[in-house]
Amino acid sequence: MVPIHISTRVAELHKILHAHNYHYYVEQAPIITDHEFDQLLRELQEYEAAYPSLVTSDSPSQRVGGEVSEKFPKVAHPGPILSLGNAFGAEEAHDWAARIARLDDRVESTSFTVEPKIDGLTVVLHYENGLFVQGATRGNGEIGEDITANLRTIRSMPLRLPVAPDADVVVPTRLVVRGEAFLPVAEFEAMNEKLAAAGEKTYVNPRNTASGALRNLDTKVTASRPLTLLCYQVVLIEGVTLTSQWETLEYLKALGFPVPAVSTLFDKIDDAVAFCVEWGEKRHALTYETDGMVIKVNPNDLYEDLGITGKDPRAAVAFKYPAEEVTTTLNDIGVNVGRTGVLTPYAILEPVAVGGVVVKQATLHNFDFIFEKDIRIGDRVLIKRAGEVIPYVIGPVEAARSGAEVVFEIPTLCPVCGELAEQPEGEVAVYCMNTSCPAQLKRVIEHFVSRGTLDIDGFGEKLAVQLVDEGLLSDVADVFTLTKEQLLTLDGFAEKKAVNLVAAIDVAKTRPLDRLLSALGIKGVGDVAATDLAKRFGSLDALQAASVEDLVAIEGIGPISAQFVADWFVKPSNQKLLDKLRALNVWPTQAVVEASPDDEALAFSGMTFVLTGTLPNWSRSDAKAFIEQHGGKVSGSVSKKTSYVVVGASPGSKAAKAEQLGIQLLDEAALQALIAL
DNA sequence: GATCCTCGAGTTCG
DNA sequence: CTCGAGGATC
C-alpha cells in the first residue's frame, strides 16, 4: 500500500511538473530554473522508485519533454535526443558507477569521458555528403523545430565538411550531430552593458538570450547575436564507423566541428569524478556557463548495451554543481539607512539555497534599480550570488505573475526617524535629511571604529546600536570618553570585556592621521583620498586652514570633493567634534610630503596592480604593502591601464576580465620574482 | 563633451 | 561584488 500522504504528493508533483513543462516548452518562459525542475522531478522519481505502482504512463517522469511550439516547421529527429540522469556530488556519481557495474562486468575495466555540460540550447545538425542541410532544436526529444536559417548565422558552425579543405579525413555520406548553441558569458555581459548604457532593458542570463535569439523568426536578429557552438555527439552516421565517444570527439574535431576543449578521457572512474569536482571551482574560467559535467562510458558498444531507463541512457550521467541561480518569492522590500543618510532598499526573500548557502536578503541598491527591473512585491525573482558571494537580484520572472503583486512606492519619510527624505537634484539616491537620525549615528559610529579606519577591537555593529540606544554616545568623539563603569551597565558586558574594550579604545587614540581622516566620514574622502590628504597636509589644523584651491592641487581631488572637505570643516557640529578630539589629545600629525617622492628607481614605479583571490602566504594588506613599498599602486578594478593582476586561490571575475584584456596574470611567487629582475 | 577609470558606500552569510 | 558619481584624459 502506498501511504496516503505520498500519493497525494505524487499527484501534486504531476500537476506541478506538467505545468512547468508547459511553461518551458510551449510558452518558452520557464518560471523556475532548470535546477529546481530537476529537484522536483527527482522527488517524483524517488517516490516512483519506492512505490512502482505509482508509475503511470502520463507521469512527467515518463516523458522526454513537452509539446512543440507552432512557430517553426517540425523536424523528426533520426533517433531520440535523450536527456541525462543527474548526480549531485561525488558520492552520487560513484553510486551511479557502482550501479552500472553491477549490470555489466565490462564496466569495471572500461574508460570514461568527461565533458562539460554547457548551459545553452541543444541543436541537431544534419549533413549530407558534407553539406549542412538542416538544423533543429531539441524540442521534445523526438520532434524539434526547424531553425536551419537561424543556425546558418552562427559563424563557428561548419556549413561544409571538412572545414579545412585539405584535412585528411573521410567525410560521411550522412551525418547527424548533436551540439549546444550558446552565448559566451563575456559577449552576454558586453551586450547587456551596451543595453544598460542605452537605458534599455537588459537580458536575464546568457541561456535565455541565446534561446530567444535562436528561435527568433527574424534571422537578422539571430545574426546580430554572437552565438557560438560546441558539438559532442554523433546521433547518426553513414559511411564511417566510430567505436567510442573519445574517437567521436576526435573525429568531429578533424571534420572541423568546434568541440569542448575541457573534454578528457579517463581510465578510472575515480579520476573522472575527481576531475568533475575539480572543475566545480574552475568552471567560471570557461567562456560559457555550465551547471555540471557529463561522465560517459567511452566504448560505444558498452554504451549501447547498458540501455535506457525511462528517458536517460544508463551509460552517462550529469555531474551537477549546486545551483547558482534560483527563483524565490520576494516577500517584501525593506529600507535601510546608511551612515550618509542614504535610504537603501533591500529584498526580503523567502529563504532559498543558492550556491551552497541559504539567502534571505539581498540588496536592491537604490530605488531606480527596482523600477528599471520592474520588481514588484510578491514577484518570483531570480537570484544569483555575484562573484559567488553577494546575493544579487537579477530580476522578476514576469511569466509567474498572478496579478496580486504590489508595485513598490518610494518612501517620503525616513523609516527610522520619520523625518522627511529627499532626493537631491541629479542624484539617484534618496537621503534622510535629519543629521541626528539615530540610524545614521549608529552607522557613523560603526564606520568610525571599523577595521578599515580606527580599528577598535571588540567594537562592532551590535555595540554601536547598544550605545546609541542607551544614549551613551551623541557623536564619534564620545567613543573616547567611554568608561568601564558605563560599559558594565550594558547587556553582555562583564569586567574583563569592559576592561579590554577600554584598552582597545585607548590604543585607537594614537592611530595615524590618514586613518582618523577616513574614520570621520567626510563626503568624498575614503581610504585613498584620506591618505593623500594626510600626506600633503600633515594635520587636521593644516587641512582646516587649506583653501579649496590648495585641495584641488592634489591629484585625485577635484572641485567637488574639495568643496565637500571645506564644507565639512565649516559645519558647527563638526567644529564641536574637532574641539572634543583636540581636548582628548586625539590629534595625530605626520610629516608633510610636498610632491611625489623620487621613486623612479623603484621596480614598480608607474605600475598598477590588482589583487584577486586568496594568496598562499600573504594577506591582502601584505601584498599591498609589498607593491607600494616598491613604488607600485594597487587598484580595485581591472582596466586597460592595469599592469598586472595578482591571482590567488578562488579568484573572482577580475582574473577573467584580465584575461579578456590580455593583461598578464601573476601568482604570489611571480610577484616576488619581479623584484629580483 | 564623451569616455574611461577610480573611489566610496552599502552589502550577505557563517 | 555592484552601483553611482567624481575626476582625469582625450
Side-chain angles (χ1 to χ4, degrees), chain A residues 189 192-194 196-198 202 284 324 334-349 351-370 372-373 383-395 423-431 439-440 442-444 446-447 450 452-453 461 517-533 551-565 608-613 633-643 650-657 661 663:
Chain A
E189 279 166 1
N192 258 358
E193 258 169 49
K194 259 190 228 157
T202 53
H284 302 288
E324 303 214 309
V335 177
N336 274 329
V337 183
R339 72 178 163 87
T340 56
V342 179
L343 304 190
T344 310
Y346 62 96
I348 300 168
L349 304 164
V352 64
V354 201
V357 303
V358 176
V359 170
K360 304 185 208 41
Q361 283 194 5
T363 180
L364 294 170
H365 305 291
N366 57 60
F367 299 113
D368 277 13
F369 184 89
I370 298 174
E372 257 162 40
K373 306 238 167 188
I383 309 292
K384 72 168 176 181
R385 297 228 291 158
E388 285 90 71
V389 185
I390 315 275
Y392 178 83
V393 178
I394 302 169
Q423 185 173 27
E425 183 75 30
E427 271 195 63
V428 167
V430 175
Y431 292 82
Q440 282 184 54
K442 286 170 189 171
R443 290 300 176 80
V444 164
E446 206 185 315
H447 174 245
S450 70
T453 56
E461 182 186 349
L517 264 179
S518 65
L520 290 172
I522 302 167
K523 196 167 178 185
V525 180
D527 220 23
V528 175
T531 305
D532 292 344
L533 289 171
L551 294 165
V552 171
I554 296 173
E555 196 175 304
I557 307 280
I560 297 173
S561 301
Q563 196 59 53
F564 285 149
V565 175
T608 307
F609 293 76
V610 174
L611 306 171
T612 181
K633 281 210 294 184
V634 175
S635 161
S637 54
V638 180
S639 70
K640 277 189 297 196
K641 291 188 179 168
T642 308
S643 320
S650 58
S653 63
K654 283 177 232 169
K657 177 140 190 212
L661 292 172
I663 290 162

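Letters go in sequence order (proteins before strands), and every chain restarts at 1. Basis for what follows: all heavy atoms, side chains included, without hydrogens, waters or symmetry-related copies.
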[X] [atom1] to [N] [atom2], straight-line distance once rounded to whole Å:
{"X": "A/Asp368", "N": "C/dT2", "atom1": "CG", "atom2": "P", "answer": "19 Å"}
{"X": "A/Phe367", "N": "C/dT2", "atom1": "CZ", "atom2": "P", "answer": "21 Å"}
{"X": "A/Phe369", "N": "C/dC1", "atom1": "CZ", "atom2": "P", "answer": "16 Å"}
{"X": "A/Leu551", "N": "C/dG6", "atom1": "CG", "atom2": "P", "answer": "17 Å"}
{"X": "A/His365", "N": "C/dC3", "atom1": "NE2", "atom2": "P", "answer": "5 Å"}
{"X": "A/Ile554", "N": "C/dA8", "atom1": "CD1", "atom2": "P", "answer": "11 Å"}
{"X": "A/Phe564", "N": "C/dG6", "atom1": "CZ", "atom2": "C1'", "answer": "9 Å"}
{"X": "A/Ile560", "N": "C/dG4", "atom1": "CD1", "atom2": "P", "answer": "17 Å"}

Should the heavy atoms of other residues, nucleotides or ligands under 6.0 Å from CD of A/Glu427 be counted, would the total exceed 12?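 Yes, CD of A/Glu427 has more than 12 neighbouring heavy atoms, counting only those of other groups under 6.0 Å.
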Heavy-atom side-chain proximity of [X] to [Y] below 4.5 angstrom:
{"X": "A/Phe564", "Y": "A/Val525", "answer": "no"}
{"X": "A/Pro391", "Y": "A/Val354", "answer": "no"}
{"X": "A/Leu343", "Y": "A/Phe367", "answer": "yes"}

Looking at A/Gly452 and A/Ser518, what are the two nearest heavy atoms and their distance?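 Closest pair (atom of A/Gly452, atom of A/Ser518, distance): O-OG, 4.4 Å.
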Closest heavy-atom pair, A/Val358 versus A/Pro351, reported as atoms and distance to 0.1 Å, is CG1-CB, 3.7 Å
Parallel, tilted or perpendicular for A/Phe369 and A/Tyr392, by the 30°/60° rule?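 Taking A/Tyr392 first and then A/Phe369, their aromatic rings stand perpendicular (interplane angle over 60°).
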Which residues in residues 337-348 of chain A have a heavy atom closer than 4.0 Å to any atom of DNA chain C? none
Nearest heavy atom decides the nucleotide; on that basis, is A/Arg443 or A/Lys640 closer to the 5' end of DNA chain B?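 Its nucleotide being nearer the 5' end, the pick is A/Lys640.
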Looking only at side-chain N and O atoms, does A/Ser561 come under 4.0 Å of OP1 or OP2 in C/dG7? yes
Using 0.5 Å steps for rounding, measure from the CG atom of A/Asp532 to the CD1 atom of A/Ile557.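 The CD1 atom of A/Ile557 is 6.5 Å from CG of A/Asp532, to the nearest 0.5 Å.
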Euclidean distance, A/Thr608 OG1 relative to A/Lys640 NZ, rounded to 0.5 Å: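 A/Lys640 atom NZ to A/Thr608 atom OG1 measures 14.0 Å (nearest 0.5 Å).
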Going 5' to 3' along DNA chain B, which nucleotides are the first and last within contact of chain A (any atom under 4.0 Å from a heavy atom)? B/dC5 to B/dC13
